[in-house]
Amino acid sequence: MKKVVKFGGSSLASAEQFKKVGNIIRAEESRRYVVPSAPGKRFSADTKVTDMLYGCYAAAENGEDFTEKLAAIKDRYQEIIDGLGLKFSLDEDFEVIRKNFSEKAGSNYAASRGEFLNGKIMAAYLGFEFIDAAEVVRFDENGDFQSEITNEIMSARLEKAKNAVIPGFYGATEEGRVITFSRGGSDITGSLVARAVNADLYENWTDVSGFLIADPRIVKGSKSIETITYKELRELSYMGASVLHEDAIFPVRRAGIPINIRNTNAPADKGTLIVEATCCQPKYTITGIAGTDGFAAITIEKAMMNSEVGFCRKVLQVFEDNGVSIEHMPSGIDTMTIFVHKDKFEEKEQQILAGIHKAVDPDHIELESDLALIAIVGRGMKSTRGTAGRIFSALAHAHINVKMIDQGSSELNIIVGVRHDDFKNAIKALYEIFVLTQI
Ligand code: ASP
């Protein structure tokens, strides 16, 4: 049994947190490959080390004195080293960093030091080998990630290591120029390592016990999801549920390795298991509910629209020409409605309206903003009759008007559009009918 364990910033924010992580790793011999993030926040008003590094480097780039800023970063690490009672010094590393900052080594290099240094401490603390991610995660000269080359280099390198710490979030070009993934990218490194060593499981340790059925800021005490498929997760993350970096899914998914989201602060909790497919029936008809607001709808009306060949294409072309992507497109007999992100649309509003007039000469165009979309997602819906009925009766009972309905043919989700003001109540009503009053 081989496991890759990735720990997020809050799991490594202090010596106290490091000790919890140490106990988790030592509890199972199979936890052989460790991917750490940089130290995160110790309390809510705290600053993540990655942000401190960006700030410090910006000062260096502007030619300002960055001594104090760098010293504050060093203090964060020293506090961890001292708290763990390690005889280990980062003095030399900080000297190199100071020099590279003065020579303007780039903000990617700067940010990557958060994981690099934390990885070194972690390796010293566990007695594991330290493998610099710059050696095993490859980007090309344009900064594009090279998945296949990375997999080759990484598998060959890790084969030789019984246990190893590989810092998350960054890699390098062949020439050694450091490049980072986007924020939260240590999740991706964990996934790459899992694929490279052909792990049985990728454990992603964070500060929540997995995915919750609904956003806990809206539904207090929401229950968590035990098992979710990659497809369901994709639907929920599209709608704003986020625990894991989206790009972290592909490497393990193609290798058939499940991901287990676990809680460093509650290691006895089973968390959420993300799998390709499962026979295990979900506990409730739905797996999760997620939603986002900030959508606008453009409804275009024209008599006999349905018989006008190419009508939809011409309308869509206008959006494409203006670089605005379309989220949903429900249509009627003589109407079609286009849902877009409000912010993106607003920038191009007048050009798009003029474009539609010119392209299809509609009878009428109506705009509505401040809309929210809610996705009710679940593999269990396919085999259950009456799901849509329950959704609409729950919303009707809560006096919520449904502005749009969209069910994909996969029957994996039903998306409803509601007014922004009804957003939270709609999610509460749906949670209540599917989870609290489950039949
Ligand atoms: N430390 C990086 C960030 O704050 C990457 C990560 O934590 O995954 O975004």
Side-chain angles (χ1 to χ4, degrees), residues 4-14 17-18 20-21 24 33-58 69-70 72-74 76-77 79-80 90 93 97 101 105-123 130-134 136-137 139 143 145 150 165-172 178-195 202-208 211 237 241-252 259-265 274:
V4 171
V5 286
K6 180 259 166 180
F7 292 88
S10 60
S11 302
L12 299 167
S14 64
Q17 291 299 89
F18 256 77
K20 291 184 194 168
V21 167
I24 290 167
Y33 303 98
V34 182
V35 177
S37 280
K41 294 182 179 189
R42 293 160 293 183
F43 41 87
S44 62
D46 200 11
T47 311
K48 288 176 163 197
V49 165
T50 309
D51 291 311
M52 295 171 87
L53 283 160
Y54 278 123
C56 179
Y57 183 72
K69 287 193 163 71
L70 195 61
I73 297 168
K74 193 169 177 215
R76 287 287 312 259
Y77 288 105
E79 193 184 299
I80 296 172
L90 289 175
D93 290 287
I97 292 171
F101 274 30
S107 65
N108 275 242
Y109 164 79
S112 75
R113 296 305 88 184
E115 272 69 11
F116 174 81
L117 297 170
N118 227 20
K120 285 194 136 187
I121 299 179
M122 176 67 90
F130 173 78
I131 297 179
D132 187 355
V136 288
V137 176
F139 287 83
F145 171 60
T150 297
V165 174
I166 308 103
F169 190 40
Y170 70 94
V178 170
I179 295 182
T180 60
F181 291 113
S182 56
R183 295 298 303 264
S186 298
D187 284 341
I188 308 175
T189 312
S191 184
L192 300 175
V193 175
R195 179 183 170 209
Y202 169 22
E203 287 181 345
N204 188 298
W205 293 81
T206 169
D207 52 7
V208 288
F211 290 102
S237 345
S242 73
V243 173
L244 195 68
H245 194 296
E246 274 224 318
D247 296 342
I249 294 182
F250 301 106
V252 275
I259 308 177
N260 194 184
I261 308 286
R262 302 282 296 262
N263 189 348
T264 301
N265 304 319
I274 311 168

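Remember, it's 1-based here, ligands and their atoms both numbered in the order they're listed.
Annotation: Tyr109 is not in aromatic contact with Phe116 [ring centroid separation under 6.0 Å not met]. Taking the six-membered ring for Trp and the full ring otherwise, Phe181 and Phe139 have centroids separated by under 6.0 Å.
Residue Ser186 has at least one N or O atom closer than 3.5 Å to an N or O atom of ligand 1.
If you number the atoms of ligand 1 from 1 as listed, the ones under 4.0 Å from a heavy atom of Gly184 come out as 3 (C), 5 (C), 6 (C), 8 (O), 9 (O). Taking every non-hydrogen atom of Lys48 and a distance limit under 4.0 Å, the qualifying atoms of ligand 1 come out as 4 (O).
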Only distances under 3.5 Å count here; give the side-chain donor-acceptor pairs of residues 51-58 to other protein atoms, sequence neighbours excluded, each with its distance to 0.1 Å.
unit_1	atom_1	unit_2	atom_2	d
Asp51	OD1	Arg183	NH1	3.0
Asp51	OD1	Arg183	NH2	3.4
Tyr57	OH	Lys104	O	3.4
Tyr57	OH	Ala105	N	3.4
Tyr57	OH	Gly106	N	2.7

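For Glu115, the closest heavy-atom approach to ligand 1 falls below 4.0 Å. At least one heavy atom of Gly185 sits closer than 4.0 Å to an atom of ligand 1.
Looking only at protein heavy atoms, the nearest one to atom 3 (C) of ligand 1 is Arg183 NE, 3.3 Å. Considering only non-hydrogen protein atoms, atom 7 (O) of ligand 1 sits nearest to Ser37 OG, 3.2 Å.
Taking 4.5 Å as the limit, every side-chain heavy atom of Glu115 sits out of range of all side-chain heavy atoms of Thr180.
The closest side-chain donor-acceptor pair between Ser191 and His245, if any, does not fall under 3.5 angstrom.
In this structure, Arg113 forms a cation-pi arrangement with Tyr170, its terminal cationic atom sitting closer than 6.0 Å to the ring centre and no more than 45° off the ring axis.
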